[in-house]
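Step one of this worksheet: look at the structure below.
Every chain is numbered from 1, with letters handed out A, B, ... down the list of sequences.
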2 protein chains.
Amino acid sequence: MKKGVTIKDIAKKLNMSVSTVSKALSNHANISDLTKERVRRLAKDWNYVPNEAARHFKQSKSFTLGVVIPDLIDQFFVAAIRGVEEIAGKHKYQVIIAQSHEDPDKEEQIIKNLISNRVDGVIITISKNTNKSDLFTQLEQNGIPVVFLTRSFGQPIFNNVTADNIHAGSLAIDYLYQLGHRRIAHLMGPKILSTSHQRLEAYKKALEKLKIDFDLQLLREIDFSEEKTHQAMRELLKVKNPPTAFFVFKTYVSLDAINYVKIHHPKLLPKIDIIGFGNLPLIKYLDIKPKASLEENSYEMGLKAASLLMKLINNPTGSEPPVSIKIPCELIIH
Amino acid sequence: MKKGVTIKDIAKKLNMSVSTVSKALSNHANISDLTKERVRRLAKDWNYVPNEAARHFKQSKSFTLGVVIPDLIDQFFVAAIRGVEEIAGKHKYQVIIAQSHEDPDKEEQIIKNLISNRVDGVIITISKNTNKSDLFTQLEQNGIPVVFLTRSFGQPIFNNVTADNIHAGSLAIDYLYQLGHRRIAHLMGPKILSTSHQRLEAYKKALEKLKIDFDLQLLREIDFSEEKTHQAMRELLKVKNPPTAFFVFKTYVSLDAINYVKIHHPKLLPKIDIIGFGNLPLIKYLDIKPKASLEENSYEMGLKAASLLMKLINNPTGSEPPVSIKIPCELIIH
DNA sequence: TTGTAGGCGTTATCAC
DNA sequence: GTGATAACGCCTACAA
C-alpha cells in the first residue's frame, strides 16, 4: 500500500466508516481517543496524504493566494513576495506566483487562470501598460478580494498598499537641497501609473516648499527601458542650465542613468547626485552608487498586503470602501 | 447570474443535460453545431469559468508543475524559471514556485505540500544543506517525476539538468592561463553538492592539461556567505606565492571576492583576474566586473528541465535509468 | 445527437 | 461515538 491511500482504504482496513476516519483525522470532538489513535497510526503507517484537490473542491476554497507581478528579476518584488509568503504561511496558505512581464495580455490570461483555479485572493502589481480595471472588478465580483501593491489606478477604487510617496519625495529633495543642489530633475515613471503621478506630485511639493520653481524642462517620463532613460539623460544634460541632481522613479532607472553619465560625461560623474526609489540588495555590489536610496521596505509592503488580503478573505465585506495603506520610506545614504 | 456559474446552470437554462453542455464546451465530435453554438453563447454571456479544482480532482491531475528553488534573489533561478514557464505554458500547465531559502526543513515541508496538492511533476534545485534523498524517492513512488536542476546528489540516481562543468572549467582556466596566470585559486562550493565536486574536478583537470600542479593551498570551500568568502580571500592572499587569478563557483561569490580585494588590497585589484560561473544581468551595472563569466544559460536549463519533466509526466516509465542533460557554458569576456 | 448514471475524495448533516 | 448519505462540479461510458 504505497500510492494514493484514501480515507476509504483506511476505513475498510479498520472496519469503520469513512466519516469516522475523516473525523478522527481532523480531531473531531466526539470520536473516542482509541479510535483516533488507531486511525492516526494506520494513516502514518500507510503514509496517507490527504488529497488537497478534493478537499479544496469540496470546500470550494483553495487556500491559495495568487501573486501577480511584472518580473522576478526586479528585486523589489522578490522582497515583497517574501513578505507575502511569511503571512500566508502563518495562515496555512499557499502562494502562487505569476509574472506578467509587463504585458497586459499575459496579465489578463494569468488572472483568468487564477479565477479558474479559484484562488482565495490576489495581490497584484499591475503591468506598466495596464489601463483598464474591469478585470479586477470581475475578480471582486467573483468573491475574490484583490490588493494592489505599489502600483494602482488613478482612482483608489481598490484596496492598495503603496509607499508613502509624498513624504519620501520630500526626504529626497530636501537632502539634495542640503547638498547644495538647486537644479533637480525628475525622471518620472509611466504616466499610466498612479504611482508616477504621486511621485511627481511629491517632487513638485518638495520644490515648492524650498521655493524652487518647477521647471518643465527638468521633467522626463521614462518607461524603464535603458534606451528611454539614456535618451532622457541626454536631453536633460543639454538643457541650458542643466540639472546637477536627479530624483528618480526606480532603482533600475537610476542605474541606467548613472551608466549614461559614466559613458558619456565621465567628468560630470562626481558633480552629479542621484536619489531614487528602492534600496535593492544589488546596490551593495556597485562601485558608483546613487547618492542615496529611498528604502521602500518592500518586504513590509508584502507583509501588509498579505495581512490585509487575509482579512478580506476571512471577513468578506459587503461593499466597504477600499483600504489604502501607506508604508513610510527611509532615506538611506550610501 | 454573476457568480459561480456551472455547467449545471447552463444545462438547466438551455433545457439540456449537463453532459451535453460538457461535451459542447469541450468541442466533442458528436454534438451538433447548433447546440455547441447555443452553449458557447450562454457560457460567454454568463461569464462561465470552468472550475479547475473540480476538473483536477476528477482527472486526478493538477496540470501544475512545482518548482522548488533556494532563493528568488538569485537571478540564476529567475532565468531558469522563465524557461520552465515557457514550456509549461505550451502544455497548458501552471507553474508554482516555492523558495526553500536554503533550509532543508522548509524544503521538506514544501515537498510534502506539493505532494498533497498532487502536482504532476517537480523541478528542484536542492538547498546547499540537503543531504538525504529519500523525500525525492518518495515523490517518485507517488508517481510524481522529479528533475534536478543544477545541483544534484553524488550518485546520479535522479533525472537532472546541469551545466557542462568539466568543459566550462577548461574554458575558464585556459583563458586565465592565456592571460599569463600560473597561480590560479579555486573557491569551491559546499562539499555536500555534487556540482561542487564536478567543478573542482574541472579545475584539477584543466590545471593538469596545462601541466600546473594542483596546490591544495589554493583551494577554499565557501558556503555563499559574504563572511566565508572574505575569510577565504584573506587566507588565499596570505599564501607565500599568492594566487593572481580565481576560478569561482558562483557569481555572488565572485562579487564578494572582488569586494574583498577592493576594500583590503585596492592596489592588487588591477592585477587580479576572476572568472566565475554565472553571467547574471546585474553584472551589467558593475564597474569592477569579473574578468569573464561562464554563461550557464540558465534559461535554457529551465527549458530543458521542463521539457524532460513533461516527457516524464506524459510517458510514465516503469523504471528507466535517470536522464542526465548537460548544458554547455560559454565564456563571456567583460 | 443527446441523456443517464456513476464516481473522483472529502466533509457535513443527520440519524442511530 | 459511530455510521449512512448527500453533495461539491465535472467527465465519461453507456444507454437511448
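Residues passing the side-chain hydrogen bond (donor to acceptor under 3.5 Å, both in side chains) test with B:K90: none are found, sequence neighbours excluded. By the salt bridge (Lys or Arg N to Asp or Glu O under 4.0 Å) test, A:R118 pairs with no residue at all, sequence neighbours left out. Partners of A:E85 according to the salt bridge (Lys or Arg N to Asp or Glu O under 4.0 Å) rule, which considers only residues two or more places apart in sequence or in another chain, do not exist here.
For the residue pair B:T20 / B:S17, a side-chain donor-acceptor distance below 3.5 Å is found, with atom types taken as modelled.
The aromatic rings of B:F148 and B:F153 lie perpendicular to each other, with more than 60° between the two planes, well past the 30° mark.
Under a 4.0 Å N-O distance rule, the pair A:K112/A:E108 qualifies as a salt bridge.
Contact annotation: A:Y48 reaches the phosphate of C:dT10 (side-chain N/O to OP1 or OP2, under 4.0 Å).
In this structure, B:K8 atom NZ and D:dA7 atom C1' are separated by 8 Å, rounded to whole Å. Atom CD in B:E37 sits about 18 Å away from atom C1' in C:dT2, given to the nearest Å. Distance A:K12 NZ to D:dG3 P: 15 Å, rounded to the nearest Å.
Contacts between residues 14-34 of chain A and DNA chain C, defined by a heavy-atom separation under 4.0 Å, are made by A:S19, A:S22, A:K23. If you check residues 49-66 of chain A against DNA chain D, the residues with a heavy atom closer than 4.0 Å are A:F57, A:K58, listed by number.
Pairs passing the ring pair (Phe, Tyr, Trp, His ring centres under 6.0 Å) check and including a residue from residues 66-119 of chain B, sequence neighbours excluded, read B:F63-B:Y93.
In plain terms, the two heavy atoms of B:V84 and B:A306 that are nearest each other are CA-CB, 3.9 Å.
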